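First up is the structure itself, then whatever we jot down about it.
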Amino acid sequence: MNLTDTIKGKISNIGDTITWEEKKWSFKLPSIQKEYHERTLDDIFPFSPVPLKREEMWAGIINKVLDSKAELSVKELLEQIPNHKLVNYDNNIELKERLNILLEDLYLIESRSSKSTKNTSYILPFHIDIIKNVKTGNIRKLDNLFRLLLIDENGSVASDIFEDLVNLLKNVESLTPLDNLILNVLSDIKEQSKEQKKAYKYEYDVQIEGGYQFVQKQGQLFRRDMRRIIEMQVSNIEKIRYFTILIGIHFSLYLIRVNYFVDDEVQTFFGAINGKDVYWKSITEHHIDFQNKIPFTFRDLKTPLTSNPVVLYREMQQKLYIGYINMVFIKMLRRIAQPVLGKDATLKDIWFEMSNDEDFKIWIEYGMEMVTKSYLEIGDLSSDDKEMLLKSKKNWPECFHEAVKRHYARKKPSDRIPNTTGYRIINHYTERGSSFSFLASKGGVGDYYAMGQELLILLVHLIVKQGDKISYKNFLKEIKEYGFVPESNAEPELLKKLDEVGLLQKFSDSGDAIYVRTIF
């Protein structure tokens, strides 16, 4: 594993900077542990997942994308609503209390921080003025994934979707009296503070040049679903609710999808640098593989521990856990390769260059050696782990990957960031066990894939155009695009549930004569 003789006189180490002077290649070693664990990747992972409610995510994302510099707290707004001049209780305290309950039930989103026992309130952004004027929480770059999913196959922003969304949020025709009360209070507060809010500005700063085009399939589905909700013949407040659910579902599916993909890429790369004959799957092949990754059942059906919904849920847990380490590894490898290949090189790009340029191969291997040795000094590893890694016969890229893995393995499960930003995030975003989730939990079984009835109804209305119908067989093909597939013993229940809510037309028992239709 020692490259000293090979690079002697070519590569210099001055302070924390590694330089190949002749080629003008250089990179800086991280100076603190946090820098070693960076994993945001502009082309596939441009955000830092945090456990947020879906409504809270939606509020923060739209606020960020519209670049609104909101300064008013929800508390300040709520304090003024019950006492506003438009409200008359005729000294009836009970009516005032009912108004507060209505506000809380219809508009407030309560979020409890994992580091605090205090609840933080956010308000559902049902109108553009709410977004422009009321604060939201820290969403840790989740708006970047939203932006990424709006990029179409040609690399252009699907601006029509966002313009339609903004027009929807500006609409006053469908506002309820309570909606109008809130907006009137907002208007008065702005006048009292004498603040002149500038018009919102649409910020779109995620650009992809090269790198992975993996995002395309999830983006296609996301853009189609966004358009479908905008077209629905339901009230605006219902549309906003659907948007919040859509965010949670698509972000969860994307996290699962991208981590399966990245793990395959990393393992292929390790196979290649170990001299194995490897095959790099295409994006299309990865998508086909993913069509069977979420086999679901229903909570009211018996679920054996050996069933696919249980087994593949556990596999997904592992993919999301190791996915954190994989992203850290790719980020570091790209850092070393950047002087030659730019910031968004794929693992295949890096391996291809290593195969065709001996100097670049030396640069990568030496760079990873320096990174690994530096990390072993900073990371939370035991002396035995450090000694074992330095004496192992693994190549330096694999050695760094293993070192990061061992760093987190030494921590308590509740402190392992790959856990808390992995499958626990999926559980949170989908609100496991809710009627809009595809996750459930059962005593003796644990967590597994189970389709909630409301999510099933929503999927029908996203897939089938208003007033239209498709064959049941085509409906199964469509939900496979998301990764969903009913387990064999769950399919009769799927048909039953669709029939119970009036979404099934059955002309015979033949699959070709069974249709799935919309209500709205």
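Note that these values count all heavy atoms, side chains included, but never hydrogens, waters or copies made by symmetry. Keep in mind the model is a prediction, meaning the values are calculated, not measured. All residue numbers in this chain count up from 1 along the given sequence.
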Next item on the list: Go through F329 and M368 one step at a time and tell me if the side chain to side chain contact (heavy atoms under 4.5 Å, CB included) criterion holds.
Entry: CA-CA 10 Å; F329 168 73; M368 289 305 300; 4.1 Å; yes
Check: Given E353 and I364, is the side chain to side chain contact (heavy atoms under 4.5 Å, CB included) satisfied, shown in steps?
Finding: CA-CA 10 Å; E353 193 70 18; I364 291 293; over 6 Å; no
Next item on the list: Show your working on side chain to side chain contact (heavy atoms under 4.5 Å, CB included) between M451 and F298 and close with a plain yes or no.
Entry: CA-CA 6 Å; M451 182 70 66; F298 295 95; 3.9 Å; yes
Next item on the list: Test T19 against I14 for side chain to side chain contact (heavy atoms under 4.5 Å, CB included), laying out the working first.
Entry: CA-CA 8 Å; T19 305; I14 301 175; over 6 Å; no
Next item on the list: Apply salt bridge (Lys or Arg N to Asp or Glu O under 4.0 Å) to R227 and D164, showing your working.
Entry: CA-CA 8 Å; R227 287 189 176 102; D164 287 344; over 6 Å; no
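Summarising the local packing, NZ of K28 is surrounded by 12 or fewer heavy atoms from other residues, nucleotides or ligands at distances under 6.0 Å. Annotation for K386: atom NZ counts as buried by contact number, over 12 foreign heavy atoms lying within 6.0 Å. Heavy-atom contacts from other residues, nucleotides or ligands closer than 6.0 Å to NZ of K348 number 12 or fewer. Within a 6.0 Å sphere centred on CZ of F352, other residues, nucleotides and ligands contribute 12 heavy atoms or fewer. Counting heavy atoms of neighbouring residues, nucleotides and ligands inside a 6.0 Å radius, atom CD1 of I32 exceeds 12 of them.
A ring-centre distance under 6.0 Å is not found for F251 and H428. Ring centers of Y254 and F222: at least 6.0 Å apart, outside the cut-off.
In terms of heavy atoms, D264 sits closest to T268 at O-OG1, 2.7 Å. Nearest heavy-atom pair across M57 and I247 is CE-CG2, 3.3 Å. Shortest non-hydrogen contact noted between Y321 and R416 is OH-CD, 3.7 Å. Nearest approach of V65 to R147, heavy atoms of both residues: CA-NH2, 3.6 Å. The shortest non-hydrogen separation linking E56 to L52 is OE2-CD2, 3.1 Å. The minimum heavy-atom distance between T40 and S48, with the atom names listed, is CG2-OG, 3.8 Å.
Side chain of R335 to main chain of F27: no donor-acceptor pair is present (N/O by atom type, distance under 3.5 Å, no hydrogens or angles). With hydrogens and angles disregarded, no donor-acceptor distance shorter than 3.5 Å links the side chain of S374 to the backbone of M370. A donor-acceptor pair under 3.5 Å is formed between the side chain of W363 and the backbone N or O of I336. Judged by distance alone, the side chain of D499 and the main-chain N or O of L495 form no donor-acceptor pair under 3.5 Å. R39 places no side-chain N or O within donor-acceptor distance of the main-chain N or O of N326, the cut-off being under 3.5 Å. No donor-acceptor pair under 3.5 Å is formed between the side chain of H287 and the backbone N or O of I283. Looking only at distances, a side-chain donor or acceptor of H407 sits under 3.5 Å from a matching main-chain atom of D380. Remark: the backbone N or O of L439 is paired with a side-chain donor or acceptor of S437 at under 3.5 angstrom. No donor-acceptor distance shorter than 3.5 angstrom exists from the side chain of D263 to the backbone of N259, with no hydrogens or angles considered. With hydrogens and angles disregarded, a donor-acceptor distance shorter than 3.5 Å links the side chain of R223 to the backbone of G219.
For S355, the side-chain hydrogen bond (donor to acceptor under 3.5 Å, both in side chains) partners are W351, not counting sequence neighbours. Under the salt bridge (charged side-chain N to carboxylate O under 4.0 Å, His left out) criterion, R334 pairs with D43, D344, sequence neighbours left out. Every residue meeting the side-chain hydrogen bond (donor to acceptor under 3.5 Å, both in side chains) condition with H250, not counting sequence neighbours, appears here in chain and number order: Q218, D225.
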Name every donor-acceptor pair, under 3.5 Å, that has one atom in a side chain of residues 303-310 and the other anywhere in the protein, sequence neighbours excluded.
{"unit_1": "T303", "atom_1": "OG1", "unit_2": "L301", "atom_2": "O", "d": "3.2"}
{"unit_1": "T303", "atom_1": "OG1", "unit_2": "K442", "atom_2": "NZ", "d": "3.2"}
{"unit_1": "S307", "atom_1": "OG", "unit_2": "P304", "atom_2": "O", "d": "2.9"}

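Of the listed residues (K473, K465, R224), just one forms a salt bridge (charged side-chain N to carboxylate O under 4.0 Å, His left out) with E478, and that residue is R224. Tested against F400 for a side chain to side chain contact (heavy atoms under 4.5 Å, CB included), the candidates V371, L376, N395 yield a single pass: V371. Of the residues listed (Y449, F475, F438), the one engaging F484 in a ring pair (Phe, Tyr, Trp, His ring centres under 6.0 Å) is F438, and it is the only one. Exactly one of F243, Y242, Y429 qualifies for a ring pair (Phe, Tyr, Trp, His ring centres under 6.0 Å) with W58. That residue is F243.
Residue pairs meeting the salt bridge (charged side-chain N to carboxylate O under 4.0 Å, His left out) criterion with at least one partner in residues 487-496, sequence neighbours excluded, are E493-K497. Sorted by first and then second residue, the pairs that involve residues 418-438 and meet salt bridge (charged side-chain N to carboxylate O under 4.0 Å, His left out), not counting sequence neighbours, are R54-E431, R432-D447.
Proximity of L29 to N13: side-chain heavy atoms (C-beta onward) are nowhere separated by under 4.5 Å. Residues F296 and P486 are in side-chain contact: their nearest non-hydrogen atoms beyond the backbone lie under 4.5 Å apart. No side-chain heavy atom of F261 sits less than 4.5 Å from a side-chain heavy atom of F290. Within the 4.5 Å cutoff, side-chain heavy atoms of R406 are placed close to those of L389. Put simply, the side chain of K23 does not reach to within 4.5 Å of the side chain of F360, judged on heavy atoms. You'll find the side chain of Y515 stays beyond 4.5 Å of the side chain of V464, heavy atoms only. In this structure, P30 and M332 have side chains that are in contact, with non-hydrogen atoms separated by less than 4.5 Å. Taking 4.5 Å as the limit, some side-chain heavy atom of Y212 sits within range of a side-chain heavy atom of L347.
With rounding to the nearest 0.5 angstrom, the CD1 atom of I417 is 4.5 Å from the OH atom of Y324. Atom CD1 of I44 and atom CG of L41 lie 5.0 Å apart (nearest 0.5 Å). Rounding to the nearest 0.5 angstrom, the gap separating the CD1 atom in I425 from the CD1 atom in I256 is 12.5 Å. I288 CD1 to Q291 CD: the interatomic distance, rounded to the nearest 0.5 Å, is 6.5 Å. In this structure, OG1 in T430 is found 9.0 Å from CG in L455, a value given to the nearest 0.5 Å.
A salt bridge links E369 to K373: at least one charged side-chain nitrogen sits closer than 4.0 Å to a carboxylate oxygen. Using a 4.0 Å cut-off between charged nitrogen and carboxylate oxygen, D289 and K281 count as a salt-bridge pair.
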